[in-house]
Amino acid sequence: MMDYNRAVRVRAAPAPSGSLHVGNVRTFLYNWLFARHTGGTFVLRIEDTDVSRFTEEAYRAVLEDLRWLGLDWDEGPEVGGAHEPYRQSERRQFYLEAAGRLVGGGKAYRCYCTAGELKQRREQAQAERRKPGYDGRCRRLTQEQVAAFEQEGRSYAVRFQVPDEGVLDYEDLVVGKIATHLDQIDDFAIVRSDGAPLYHLAVVVDDGLMEINHVIRGDDLMSNTPKQILLHEALGNAVPAFGHLPQVLGPDRKPLSKRHGSTSITDFRAGGYLPGALINFLALLGWGTSDDTLLSRDELVDRFEVRDVHSSPAMFDTKKLDWMNGEYIRMLDDCELAELTQPFLAAEGLIDQPPSAVQAQNVQHAAPLIKTRMRRLSEAPGLVGGLFTRPEIDPAAAEKVLSVEHVPELLRRASVGLAEIEPWGKEQVEAALRAIAEEMGLKPRKAFGPLYVAVSGTTVSAPVFDLIALIGRQESLERLAIAEQLSRELSGAVT
RNA sequence: GCCCCCAUCGACCAGCGGCCUAGGUCGCCACCCUUUCAAGGUGGAAACACGGGUUCGAAUCCCGUUGGGGGCACCA
């Protein structure tokens, strides 16, 4: 079927506009999987030709995101390679040289139309229901007209001359056979009138120079492909194979974008997602096998085939990601989980950064208690916050649980019971409290609910016997006292 | 307006002409377990967009319709 006798060379080509968007990450991931699966080379190239739009900070964010995700590149910024540099802003000479060759060879020409003229003609064309692209007028300029423009010092852009008719077709790696009528494509600009090389030129020159032989990218770029094939041919490059990935959709079935909320890697990281889970999830968006859904990086690499990638768009389903992230959290051992949880506790001010020895110890104890209860690391503070600081009692929980008639009595007895325990430990705490529940003839649910509120401030948290044991006798008794007081007020008022 | 792409449960994936009374996973519902909440276990509801062909036979191939998306820049 598909023949990879050439060593595969693919690239990720982000425009550095800050933390990466998950949609782009999926594209990069597929390239990466393809390279790793075939033993090929994964190149990272930064597409920052439009210098005014991009910052150094955004550039670093991109590298940082890729590293966090574990998508390592074989050639590119900071690792080097045979085709340096890997930032387009530093490769201008190559583009200009290529543009010169194209003009010299009669494959491209100077266009003296101004932005204003172009805009006006475009609008007129649209008004007349004609296609809005460039009309090719500067192609037919006479010697005299050119001389006149040059005389008045008018600046020019460089346009690629596209054949007026004919059909260009290619076999798309994921979509299949694609045919384009060349009359649909107008003479597109490859160098701006201020001398800045444009996207199409830069991409084609770089893909040629870097010997990229498989271009896998979003299908929003699909209609660019004929243009780029034409450019490759004009430049004498080996034309790479192209594959176009469908968009990742938001819950409203529109392409996923900022307005859907958190879509950048930074957001997911801050939201408590693990890179492995995100990778696993993204890989399955548009590609998959029937049997397994939890796939390690190696398994993904092993099974991934570009030809199995879907040509239909997929929706980004946060629910499934959350579930999967929970699965990945459960695969962590307690030490790893404690380590990963620390920043989230610190962010809530529950522990110091770095944590004190006691705090670190407590986080370690907390890990097994929260492991099965979390889908995202950011949920840790809500589950075990009470371990580090005395929580506010949630009014709703108090109203619901503490206002019940038997509760003051229950909490008082619990205090007495806990005061007498010797030695202090989880088993003893549990035994004592269960004994009290039995004495009072209370079902576990009724008996322990108020304890949760007293200790955690809410009815939802890590198991309460563990919490009490970890918090210690002194602090536990104080919290019980506070809750008992509140309970007296509430139950008195209510009944 | 013109060009291009897409179409299986709510979602993701399996299905490559008979094994499909359409399978798995998430989510949802119910039950079990249970100190809350989870996790775990068991079971359940839930889809081939529509219309024509081709074929002995179509979710699978072809053509239309409808619906969705993308593109038509001196952005990338």
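Order of the sequence lines sets the chain letters (A, B, ...), proteins ahead of strands, with each chain counted from 1.
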I'd like the [atom1] distance from [M] over to [N], given in whole Å.
N      : M      : atom1 : answer
G15(B) : G24(B) : C1'   : 12 Å
G23(B) : C9(B)  : C1'   : 12 Å
U60(B) : C19(B) : P     : 13 Å
U54(B) : G70(B) : C1'   : 32 Å
G44(B) : U35(B) : P     : 29 Å
A30(B) : G71(B) : P     : 44 Å
A58(B) : G51(B) : C1'   : 15 Å
G69(B) : C74(B) : P     : 26 Å

What is the nucleic acid contact for [X], judged by heavy atoms within less than 4.0 Å: base, sugar-phosphate only, or nothing?
X       : result
G326(A) : nothing
E327(A) : sugar-phosphate
S311(A) : sugar-phosphate
S312(A) : sugar-phosphate

Hey, is the side chain of [X] poking within less than 4.0 Å of OP1 or OP2 on [N], counting only N and O atoms?
X       : N      : answer
T49(A)  : A76(B) : yes
H310(A) : C13(B) : yes
R307(A) : C16(B) : no

Enumerate the protein-to-nucleotides 64-71 of chain B contacts in which both atoms are nitrogen or oxygen and the separation is below 3.5 Å.
| residue | atom | partner | partner atom | Å |
| --- | --- | --- | --- | --- |
| G69(B) | OP1 | K254(A) | NZ | 2.3 |
| G71(B) | O2' | S223(A) | OG | 2.5 |

Taking atom [atom2] of [N] as reference, at what distance in whole Å does atom [atom1] of [X] sit?
X       : N      : atom1 : atom2 : result
I185(A) : C4(B)  : CD1   : C1'   : 11 Å
M315(A) : C13(B) : CE    : C1'   : 14 Å
Y328(A) : A39(B) : OH    : C1'   : 18 Å
L282(A) : C13(B) : CG    : P     : 12 Å
K400(A) : C37(B) : NZ    : P     : 8 Å
Y95(A)  : A76(B) : OH    : P     : 11 Å

key: Any residue meeting ring pair (Phe, Tyr, Trp, His ring centres under 6.0 Å) with Y199(A), in chain and number order, not counting sequence neighbours   = none

message = According to ring pair (Phe, Tyr, Trp, His ring centres under 6.0 Å), who are the partners of F316(A), at least two apart in sequence or on a separate chain?
response = F268(A), F281(A)

ask   = Which residue pairs satisfy the salt bridge (Lys or Arg N to Asp or Glu O under 4.0 Å) criterion with at least one member in residues 11-30 of chain A, sequence neighbours excluded?
value = R11(A)-D207(A)

inquiry  = With salt bridge (Lys or Arg N to Asp or Glu O under 4.0 Å) as the rule and sequence neighbours excluded, what pairs involving residues 365-376 of chain A come up?
reply    = D334(A)-K371(A), R376(A)-E379(A)

inquiry  = Between L442(A) and F448(A), is there a side-chain heavy-atom distance shorter than 4.5 Å?
reply    = no

message = Could you check whether any side-chain heavy atom of I471(A) comes within less than 4.5 Å of a side-chain heavy atom of R479(A), counting everything from C-beta outward?
response = yes

inquiry  = Just by distance, no angles: are the side chains of Y156(A) and E150(A) close enough, under 3.5 Å, to form a donor-acceptor pair?
reply    = no

inquiry  = Between H260(A) and D252(A), is there a side-chain donor-acceptor contact under 3.5 Å, judged purely by atom types and distance?
reply    = yes

task = Select from V175(A) and W323(A) the residue whose nearest nucleotide in RNA chain B is closer to the 5' end of that strand.
result = V175(A)

key: Residue mapping more 5' on RNA chain B - nearest nucleotide basis, F188(A) or Y199(A)   = F188(A)

What does the list of N/O pairs under 3.5 Å between the protein and nucleotides 32-35 of chain B look like, with a distance for each?
| residue | atom | partner | partner atom | Å |
| --- | --- | --- | --- | --- |
| U35(B) | OP1 | R434(A) | NH1 | 3.4 |
| U35(B) | OP1 | R434(A) | NH2 | 2.7 |
| U35(B) | O2 | Y452(A) | OH | 2.2 |

message = Given C74(B), G40(B), U36(B), identify the nucleotide with an atom nearest to the side chain of L118(A).
response = C74(B)

ask   = Is the ring centre of Y273(A) less than 6.0 Å from the ring centre of Y328(A)?
value = no

Under 3.5 Å on both distances, the Watson-Crick or G-U partner of [N]:
N      : result
A14(B) : none
C31(B) : G41(B)
A73(B) : none
C50(B) : G64(B)

request  = Quickly, which of R122(A), R137(A), R154(A) forms a salt bridge (Lys or Arg N to Asp or Glu O under 4.0 Å) with E117(A)? Name it, please.
outcome  = R154(A)

task = Report yes if a donor N or O on one partner sits less than 3.5 Å from an acceptor N or O on the other, where the partners are the side chain of K319(A) and the base of C26(B); otherwise report no.
result = no

inquiry  = Quiz question: going by heavy-atom distance under 3.5 Å, is there a donor-acceptor pair between the base of C74(B) and the side chain of S193(A)?
reply    = yes

Quick one: which protein N/O atoms are closer than 3.5 Å to N/O atoms of nucleotides 45-51 of chain B? Pair and distance per line, please.
none

request  = Any pair with a residue in residues 161-193 of chain A that passes ring-ring contact (aromatic ring centres under 6.0 Å, His included), sequence neighbours left out, goes on the list, sorted by first then second residue, please.
outcome  = F160(A)-F188(A), F188(A)-H200(A)

key: Where at least one partner belongs to residues 445-460 of chain A, residue pairs that pass side chain to side chain donor-acceptor pair (under 3.5 Å), sequence neighbours excluded   = S456(A)-S461(A)

inquiry  = Restricting to side chain to side chain contact (heavy atoms under 4.5 Å, CB included), what partner residues turn up for R87(A), sequence neighbours left out?
reply    = I46(A), D48(A), E56(A), Y59(A), S89(A), E90(A)

ask   = A61(A): what forms a side chain to side chain contact (heavy atoms under 4.5 Å, CB included) with it, not counting sequence neighbours?
value = none

request  = Any chance you could measure N280(A), atom CG, to L294(A), atom CG, to the nearest 0.5 Å?
outcome  = 5.5 Å

query = From L284(A) CG over to L295(A) CG, what is the distance, rounded to the nearest 0.5 angstrom?
reply = 6.5 Å

Worked check of side-chain contact (heavy atoms from CB on, under 4.5 Å) between N224(A) and V203(A) = CA-CA 11 Å; N224(A) 289 334; V203(A) 168; over 6 Å; no

inquiry  = Let's see if you get this right: which residues in residues 365-384 of chain A place a heavy atom under 4.0 Å from RNA chain B?
reply    = T372(A), R373(A), R375(A)

